[in-house]
Amino acid sequence: GPSSGGLARVEYAAAAEASYRLNSWLRLRASAGWRHALPVGTANIETGYNAGIGLDYLLNEVATLTADYAYGWAQTTPNPAEERHQVTLGVTFSRPGD
């Protein structure tokens, strides 16, 4: 589709997610992704990838503790590459039976 400058772009992307329940109160999660875009009519190339891991700890029937780490790398030529590291901690509440 066109970018904000009205240029068309060809983009390739792949992503994967997986989770594994260790037992009734602990679940592991992982994700990974890659993308490569070529804006038509320019010499720029956009490349990036990301990966993440997460952990869910079931406190009780309505509350879950979550912890996540995400890493990302992206570059749009001719600009230098940018890295991102993100750590997220949280508590999720849900109604029983959901």
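The residues of the chain are indexed from 1 along the displayed sequence.
Here the CZ-OH distance, from Arg84 to Tyr71, works out to 10.0 Å after rounding to the nearest 0.5 Å. We find the OH-OG1 distance between Tyr12 and Thr47 to be 12.5 Å, quoted to the nearest 0.5 Å.
Listed by chain and number, the residues in a ring-ring contact (aromatic ring centres under 6.0 Å, His included) with Trp34 amount to none (sequence neighbours excluded).
In the hydrophobic clustering of ILVMFWY residues, with side-chain heavy atoms under 4.5 Å counting as a link, Leu65 and Leu22 come out together. No chain of hydrophobic side-chain contacts below 4.5 Å, direct or via other Ile, Leu, Val, Met, Phe, Trp or Tyr residues, connects Leu89 to Tyr69. Linking Ile, Leu, Val, Met, Phe, Trp and Tyr whenever their side-chain heavy atoms come within less than 4.5 Å puts Leu58 and Phe93 in one cluster.
Using a 4.5 Å heavy-atom threshold, the side chains of Leu55 and Leu28 count as touching. Between Thr88 and Thr66 the shortest side-chain heavy-atom distance does not fall below 4.5 Å. Residues Pro78 and Asn44 meet the side-chain proximity criterion, which asks for heavy atoms closer than 4.5 Å.
When the shell of 6.0 Å around CD of Gln75 is examined, it contains more than 12 heavy atoms from other residues, nucleotides or ligands.
Of the possible polar contacts, one joining the Thr77 side chain to the Ile45 backbone as a donor-acceptor pair under 3.5 Å is found.
When all heavy atoms of Ala37 and Arg9 are compared, the closest pair comes out as CB-NH2, 3.2 Å.
Ring planes of Tyr57 and Trp25: perpendicular class, angle over 60° (limits at 30 and 60°).
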field: Derivation and outcome, side-chain contact (heavy atoms from CB on, under 4.5 Å), residues Glu17 and Arg29
entry: CA-CA 8 Å; Glu17 293 183 1; Arg29 295 176 280 107; over 6 Å; no
